[in-house]
Amino acid sequence: MIIQVQPNIQCENCIKCGRRPHVEQQKKYWVLTCPNKSCKNLVKSLTVDFETWNRLNKKINEVPASADTLKRTA
């Protein structure tokens, strides 16, 4: 069963093709996956894991909103 992710849920697009992911249920796991099968971009867990999906699909030069200032320790 494939479920589309609602637009009001904060979810990054696929870093490979730029499409919005969808959710599939496979036995006891929930899989957040790209609709483009050639990407093979997915996150599989017991619950729908948007945090891991967003972390893996964030652009490299994008700065997270909760970045603290770096402190020297040495």
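For this chain, numbers begin at 1 and follow the sequence in order.
In this structure Lys40 satisfies the salt bridge (Lys or Arg N to Asp or Glu O under 4.0 Å) test with no other residue, sequence neighbours excluded. Considering only residues two or more places apart in sequence or on other chains, Gln10 meets the side chain to side chain contact (heavy atoms under 4.5 Å, CB included) condition with Glu12, Asn54. Applying the side chain to side chain donor-acceptor pair (under 3.5 Å) criterion to Ser45, with sequence neighbours excluded, gives no partner residue. Listed by chain and residue number, Asn36 satisfy the side chain to side chain donor-acceptor pair (under 3.5 Å) test with Ser38 (two or more places apart in sequence, or in another chain).
Met1 belongs to a hydrophobic cluster with Ile3, Val5, Ile9, Val23, Trp30, Leu32, Val43, Val48, Phe50, Trp53, Leu56, counting contacts under 4.5 Å between side-chain heavy atoms of Ile, Leu, Val, Met, Phe, Trp and Tyr, direct or through other members. Other cluster members for Leu46: Tyr29, joined by side-chain heavy-atom distances under 4.5 Å among Ile, Leu, Val, Met, Phe, Trp and Tyr. Under a 4.5 Å side-chain heavy-atom criterion applied to ILVMFWY residues, the cluster that includes Val31 comprises Leu42 as well.
The shortest heavy-atom contact between Pro35 and Pro21 is CD-CA, 4.0 Å. The nearest pair of heavy atoms linking Cys14 to Asn41 is SG-ND2, 3.3 Å.
With values rounded to the nearest 0.5 angstrom, Cys11 atom SG is found 11.5 Å from Gln6 atom CD. A distance of 8.5 Å separates NZ of Lys16 from CG of Asn57, quoted to the nearest 0.5 Å.
Counting only residues at least two apart or on different chains, the salt bridge (Lys or Arg N to Asp or Glu O under 4.0 Å) pairs with a member in residues 17-38 are Glu24-Lys37.
Heavy-atom contacts from other residues, nucleotides or ligands closer than 6.0 Å to CD of Gln26 number more than 12.
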